[in-house]
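Notes to accompany the following structure.
Order of appearance sets the numbers: ligands from 1, and atoms from 1 within every ligand. Heavy-atom basis, side chains included; hydrogens, waters and symmetry copies ignored.
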Amino acid sequence: MGRYRDWVNLELLAAELADEPPYRARQVWAWAARGASGYDEMTDLPSPLRAALAERVPFSTLTVEDEARSSDGTVKVLFRTADEHPVEAVLMRFRDGRRSVCVSSQSGCPLTCTFCATGQMRFRRNLTASEILDQALHFRRVEPIDHCVFMGMGEPMLNIDEVIAAARRLPDLGVTHRRTTVSTVGWLPGLRRFVDEVEEPVRLALSLHAAEPALRSELMPVNDRYPLPDVVAECRRYFELRRRKVFVEYVMLAGVNDRVEQARSLAELLDPQVFKVNLIPYNPTGAFTGSSPKAIAAFEAELRRRGLPTTVRLTRGRDIAAACGQLAAAS
Ligand code: SAH
């Protein structure tokens, strides 16, 4: 793997700090990671230096364009990169006090999963580690955060270097590796790298959505490229190396993948030692109808009966189109 790119501003920062002692860049990062909102707060830096930095090194790689607040406390922010690409991130506040940030790894997504709004928008580009971290830093400036999920726009395994570099810095923001989750459709080259290279206990989630290959290909064309048995085998390798279960995400689509027989096929595919299932109520994006609560409960009961640990995901931020699969910035 190439050298990790630091917080992007660090390149500019390094130039700016060329005549300063080497610990200066670390000082600046430490302040930013603890939620400072500008150089002026960095009181252990000489004030002429703070002024010079403020003038020459942008404090974030992203600018905030819009912010929406849900009645459940969820906040969605639309950012722009310096080259004008849209990026969305979401802060979820849970009643037990957890604060979880959902970050994007790409602007748009090149994959075309039929139930996901991000797949309908134009793919722009991979984000840098700094652009990923700046999403989390934005929320960190408002309040402490303790969880991070790479479940926003894009496929993290298509941008694995930057995702790994960003994940490695999250503990400085208060998010431990155990509370960091990277989600994938099963993009094998990136997934293999993730399993081989990330020795830290970062969690893995697999977007599965159907156990039958033909149905999965219909829902997620990427399934034709990387067959499910290979993807499941790679998840098993993650479990064997890390001893941490893989979360399986399964969006519940009425009359499509929510029949009790389909729960049985899912239970046959997944080893309960390796996987836990998270059933996701479908968030409307147009094409499908979500399963009824009754159908979800029956599906869950069948999986549990077969020994597969199963939970139903709490839906957050649906009223502001901030829920799973709804991130799609206009333009
Ligand atoms: N590309 C990665 C990271 C994004 S995670 C991945 O797909 O895993 C976003 C999660 O939301 C995925 O599990 C995705 O399948 C799910 N999702 C997409 N559209 C959804 C929708 N309309 N309702 C509920 N969940 C959805």
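- With ring centers used as reference points, H209 lies under 6.0 Å from F115.
- For D271, the salt bridge (Lys or Arg N to Asp or Glu O under 4.0 Å) partners are R236, not counting sequence neighbours.
- Evaluation of the side-chain hydrogen bond (donor to acceptor under 3.5 Å, both in side chains) test over residues 289-298, restricted to residues two or more places apart or in two chains, returns D258-S291.
- Note: F239 and F275 fail the aromatic proximity criterion, with ring centroids not under 6.0 Å apart.
- Residues satisfying the side chain to side chain donor-acceptor pair (under 3.5 Å) criterion with R306, sequence neighbours excluded, are E302.
- Using cut-offs of 30° and 60° on the angle between ring planes, the pair Y39 and F59 is perpendicular.
- When heavy-atom distances to ligand 1 are checked against 4.0 Å, the residues falling inside are F115, C116, F150, M151, G152, G154, E155, P156, S183, T184, V185, S207, H209, E249, V251, I280, P281, Y282, N283, T285, C324, G325, ordered by chain and number.
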